[in-house]
Enquirer: 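Take a look at the following structure, please.
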Amino acid sequence: MESTIKFIPIDYDYFDFEGRNYAKVVGRDDKGKKVCLIDNCDVYFWAIVNEGVSEKKIKGICGKIDQIVVDGKVRQSNVLKTEVHNKNFLGKEYRAIKIFVTNSKDAHNIADEIGFKEIFKRREYDLSYITKYIIERKLKPLNWYEITGEILNNSMEFGGIDQNIEVDTVLKVNKIKETKQIPYSPRVLAFDIETDAFEIGEGEILMVSLVGENFKKVITCKQDSKLKYVEKVEDEEELLERFVECVKEYGPDILTGYYSDGFDLPYLRARADKLRVKLSLGLDGSQPKFRRGNVMTGKINGLVHVDLLRFIRVVYSQYMQSETMGLNDVAYELLGEEKDDWEFIPTKDIRGKKWDEFYGYNLKDSELTYRLFEKIWPDMQEFTRVVQEPLFDVSRYSMSNLVENYIMHNLEEYNEIIEKKPVNDMIGARRAEEKYEGAFVFQPIPGLYENIVFFDFTSMYGSVIVSFNLSRESYLNKKTKGSTEVDIGESKVYFDKDTGFFPKMLNDIIETRKKYKKEYSKDPTNLLKARSNSFKLLANAAYGYLGYFGARYYCREAAASTAALARKEIKKAISGIEKKGYKIVYSDTDSIAFLKGKKTKEDVGDMLKGINSDLPGIMELDLEGFFKRGIWVTKRGGDFGAKKKYALLGEDGKTKIKGFETVRRDWCGLARETQSKILGMILTNGDEKKALEYLKKVIKKVKKREVELDELMMRTKLKRNVEDYKASGPHVVVAKRMKEMGLKVGIGTLIEYFIAESNEKRASVGARAKLVGEKGDYDIDYYLKNQILPAAENIFEVFNVNVNELIEGEKQKGLGDF
DNA sequence: GAAGTGGATATACC
DNA sequence: ACTGGTATATCCACTTC
């Protein structure tokens, strides 16, 4: 029986039946019912024919290709048919043979059989079935469709698939039609577990919390509780079973956790395996499956498992202040709320009321995760719609992957055949290429400045790429009529005047970003800001993508040209500003700072307009803001201004600190706080006297050993495994010791230590580095000479005050008496 | 044994 | 390995006088 429903695709999967591929798409209808679509699409790849090969010859080749059969271990695969089309490849038209095959997984093997000298390239055999399916059938994630098809009800089709999947309707698709978009909020369930041991599967799972809409629960096999949300079960087996039941009852579209790819989900699975319980969370009754890559990834059939940490890392981390990407810091920054306090103690020592505290802590984690998800969802949704890959993948993609998939899913309108992913030797060759020259950074003159204006180019690199048509497909081997010449230093390179698909697509992204930025200026919510930022990120990543060795559309010349033209344009803007009588203070990549002087804000606005009217293409210079004061300092051990280090006082009274030790987490808290206070005092008062008093107080405190150890801890992240270090800095020495103590240390571990006094006169810093709890008093000399003073030195140097004399107790030259 | 230098390492800026 | 280059600054390990 044929029926038509409204449908929004959420989760994509595929299966093989009688050697063919079928898509299994789970989503909702407009009444909120769960629906699973069964559908398929043509599976094919391309053989691009060399120029000048006759049609007769092409036909002959098609005939041979038609005969190809590949015997695999599991199945036999063969070519179904061939067609000849006119297609573009890197913007150029070719004759191309479309080769239809039985199974997507065998496309590569069949492509390997095609070795005719008339064939110039074989392409698109390296795409996943899901990607192909979305492109072919235009069933894009998180968009609404009208689906016509046959409802499978106790049908024997596909081996009785409809009886083995827990949805309200299973529909075999006949027709897909895009329809009016209606608002959609996914049904979300957040979860979090607490365990006995940190190592995956080593300890017992003590409890698991679940938070959804009007739903909260903690399931535990430990002590019973009067708390309403706590449900006590007999043992761990039952806990796992009950967890699965609760998830099923709630029926989420999305199951979300924080670091759940790396901890919660694999832990649950490992315990289930150990206790011989089936963790059948999948709608088809299957257990979560894990893919081991750089990081582990856990997939559940039919619902989307989202590990919030992965998406936050890629999309937000650069815009966040948090020093760690842990749930506590991230929730505090994005939600203004922290985790509950809870000190981990051995389970056997937890008694009475302590359990209730633990349950509350566990629940809070899920609550924070749930609310973080709500906060981030608009962006995740937006990215998924734009990139057009399943939510599961988009929430985990790296920036380059997001850019690349955006390109791949938008190539159809250019009639383009998709370029292949580079293979190993190609990647090696690209990585071996020399670095090209990057951004321009202005050498500042140290000093305290008043009334500073900041301009910045909106999405500068992106707008350069669009304005000058820089990309792999527009890159030319030689100069042609109307081509753009770019001097990249080592050579001159040329780009076509016809716009490539890459710059065109990038233009769309930049337009979208502008739209959100405008909305944000009218309605300054965090969310709109984040959204505008995420598109800015995508636009900026497009440039990095061009120079990334793993990119399908890698083009070093285009990347180098982008940087070269950006340098040229910002230098032009700088001299334009100077010509109007302003003094430039600083500039880095896409921003310019100068002194307002006696001019008015209107003058500045007019000047900006003038510069904008001369900018090429879509390039745009924007007013970032006015600042009351700003300070630039000298580079340590040099007598010139340090780049990428300055502090500003905004008109709103807020300070903005860049590059200083204050913002570096590998400096101790005391040095950072001291510096931050000093900068604040100097910027707000315009003089250094108060700040110097403050510094003296801090020094006295350090000398008297009145500083808490907590403020003296240094934090450094391991970027490799302990054994792989050639040089052992303090954090490596400490990490090695931690490892000997049986603690888990590896890539990404934040090593915390302080420097203690030593009897040995010339012991290295590393030899004096101690963990909390290790014996030793903090080294007064080290903290003064290597932390507090260096952090203050360059700032006071601006006022000709030498703070180094402070620790000897000498009087100041530059200040006189006070 | 002090001083200087280059490499390794981490982190920030845009 | 999972966007790019530019820049500061530390500590270690080595060389030099």
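Residue numbers start from 1 in every chain, and the chains themselves are labelled A, B, ... in the order their sequence lines are given, proteins ahead of strands. What you are looking at is a predicted structure, and each value in this text was computed from that prediction instead of being measured.
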Enquirer: If each of A/Thr634 and A/Arg431 is mapped to the nucleotide of DNA chain C with the nearest heavy atom, which maps nearer the 5' terminus, i.e. the 5' end?
Expert: A/Arg431

Enquirer: Do A/Glu661 and A/Arg664 meet the salt-bridge criterion of a basic N to acidic O distance under 4.0 Å?
Expert: no

Enquirer: Identify, between A/Gly729 and A/Asn794, the residue whose nearest nucleotide on DNA chain C lies closer to the 5' end.
Expert: A/Asn794

Enquirer: Listed by chain and number, what are the salt bridge (Lys or Arg N to Asp or Glu O under 4.0 Å) partners of A/Asp588, not counting sequence neighbours?
Expert: A/Lys644

Enquirer: By side-chain contact (heavy atoms from CB on, under 4.5 Å), which residues pair with A/Val386, not counting sequence neighbours?
Expert: A/Tyr406, A/Phe535, A/Leu538

Enquirer: Within a radius of less than 6.0 Å around CZ of A/Phe290, do more than 12 heavy atoms belonging to other residues, nucleotides or ligands occur?
Expert: yes

Enquirer: Does A/Glu323 have any side-chain hydrogen bond (donor to acceptor under 3.5 Å, both in side chains) partners at least two apart in sequence or in another chain, and if so, which?
Expert: A/Arg672

Enquirer: In whole angstrom, give me the gap between the P atoms of C/dA7 and C/dT3.
Expert: 23 Å

Enquirer: Side-chain contact test, heavy atoms from C-beta onward, threshold under 4.5 Å: evaluate it for A/Ile678 versus A/Phe796 and give yes or no.
Expert: yes

Enquirer: Below 4.5 Å, heavy atoms only, C-beta onward: do A/Val707 and A/Tyr783 meet side chain to side chain?
Expert: no

Enquirer: Contacts to DNA chain B from residues 661-671 of chain A, heavy-atom cutoff under 4.0 Å, which residues?
Expert: A/Val663, A/Arg664, A/Arg665, A/Asp666

Enquirer: With a 4.0 Å cut-off on heavy atoms, is A/Tyr725 in touch with a base, just the backbone sugar-phosphate, or nothing at all?
Expert: sugar-phosphate

Enquirer: Taking only side-chain N and O atoms of A/Lys635, does any of them lie within less than 4.0 angstrom of OP1 or OP2 on C/dT8?
Expert: yes

Enquirer: Looking only at atom P, what distance separates B/dT9 and C/dC2, rounded to whole Å?
Expert: 16 Å

Enquirer: If the condition is salt bridge (Lys or Arg N to Asp or Glu O under 4.0 Å), which residues does A/Asp622 pass it with, not counting sequence neighbours?
Expert: A/Lys517

Enquirer: Base, sugar-phosphate or nothing for A/Lys719? Non-hydrogen atoms, less than 4.0 Å.
Expert: base

Enquirer: With heavy atoms under 4.0 Å as the rule, sort A/Asn786 into base, sugar-phosphate or nothing.
Expert: sugar-phosphate

Enquirer: Considering just the side-chain nitrogens and oxygens of A/Ser400, establish if one lies under 4.0 Å of OP1 or OP2 belonging to C/dC2.
Expert: no

Enquirer: Would you indicate what A/Leu546 reaches in the nucleic acid, counting non-hydrogen atoms under 4.0 angstrom: base, sugar-phosphate, or nothing?
Expert: nothing

Enquirer: Could you name each residue pair satisfying salt bridge (charged side-chain N to carboxylate O under 4.0 Å, His left out) that touches residues 455-465 of chain A, not counting sequence neighbours?
Expert: none

Enquirer: Expressed as a whole number of angstroms, how long is the span from A/Ile751:CD1 to C/dC11:P?
Expert: 17 Å

Enquirer: Nearest to the side chain of A/Lys645, which nucleotide is it out of C/dT6, C/dC11, C/dA9?
Expert: C/dA9

Enquirer: What pairs of residues pass the side chain to side chain donor-acceptor pair (under 3.5 Å) test when at least one of them lies in residues 721-733 of chain A, not counting sequence neighbours?
Expert: A/Glu723-A/Lys739

Enquirer: State which residues pass side-chain hydrogen bond (donor to acceptor under 3.5 Å, both in side chains) with A/Glu711; sequence neighbours excluded, sorted by chain then number.
Expert: none

Enquirer: Tell me: CG of A/Asp590 to P of C/dG5, nearest whole Å?
Expert: 17 Å

Enquirer: Please work out if A/Lys644 contacts a base, only the sugar-phosphate, or nothing of the nucleic acid, heavy-atom cut-off 4.0 Å.
Expert: base

Enquirer: Using a 4.0 Å heavy-atom cut-off, does A/Gly550 contact any base of the nucleic acid, only the sugar-phosphate backbone, or nothing at all?
Expert: nothing

Enquirer: Rounded to whole angstrom units, what separation is found between the CE atom of A/Met460 and the C1' atom of C/dT6?
Expert: 15 Å

Enquirer: Going 5' to 3' on DNA chain B, which nucleotide is the first and which the last to come under 4.0 Å of a heavy atom in chain A?
Expert: B/dA8 to B/dC14

Enquirer: Hey, does the side chain of A/Arg396 come within less than 4.0 Å of C/dC2's phosphate (OP1/OP2), counting only N and O?
Expert: no

Enquirer: How would you list, by chain and number, every residue that makes a side-chain hydrogen bond (donor to acceptor under 3.5 Å, both in side chains) with A/Thr662, sequence neighbours excluded?
Expert: A/Gln675

Enquirer: Holding to salt bridge (Lys or Arg N to Asp or Glu O under 4.0 Å), I want the full list of residues that pass it with A/Lys299, two or more places apart in sequence or in another chain.
Expert: A/Asp11

Enquirer: At 4.0 Å (heavy atoms only), tell me whether A/Gly766 reaches a base, stays on the sugar-phosphate, or touches nothing.
Expert: sugar-phosphate

Enquirer: Tell me the interatomic distance from A/Lys726, atom NZ, to C/dC14, atom C1', rounded to whole angstroms.
Expert: 15 Å

Enquirer: Which label fits A/Tyr646 and A/Trp632: parallel for a plane angle under 30°, tilted from 30 to 60°, or perpendicular past 60°?
Expert: parallel

Enquirer: Describe the nucleic acid contact of A/Tyr554 in one word from base, sugar-phosphate, nothing, applying a heavy-atom distance below 4.0 Å.
Expert: nothing

Enquirer: Name the closest nucleotide to the A/Lys435 side chain, picking from C/dG4, C/dC11, C/dT6.
Expert: C/dT6

Enquirer: Nearest to the side chain of A/Gln318, heavy atoms from C-beta on, is which of C/dG5, C/dC12, C/dT3?
Expert: C/dT3

Enquirer: Which is true for A/Tyr586 with a 4.0 Å heavy-atom rule: it touches a base, it touches only sugar-phosphate, or it touches nothing?
Expert: nothing

Enquirer: Give, ordered by number, those residues of residues 436-443 of chain A having at least one heavy-atom distance below 4.0 Å to an atom of DNA chain C; if nothing qualifies, reply none.
Expert: A/Tyr436, A/Glu437, A/Gly438, A/Ala439, A/Val441

Enquirer: Figure out the CD/C1' separation between A/Glu404 and C/dC2, and round it to whole Å.
Expert: 11 Å

Enquirer: Grab the OH-C1' distance between A/Tyr553 and C/dT3 for me, whole Å please.
Expert: 17 Å

Enquirer: What is the nucleic acid contact for A/Ser728, judged by heavy atoms within less than 4.0 Å: base, sugar-phosphate only, or nothing?
Expert: sugar-phosphate

Enquirer: Starting from P on C/dT3, measure out to CD1 on A/Ile407 and report it in whole angstrom.
Expert: 14 Å

Enquirer: Just how far, in rounded Å, is C1' of C/dT8 from NZ of A/Lys658?
Expert: 16 Å

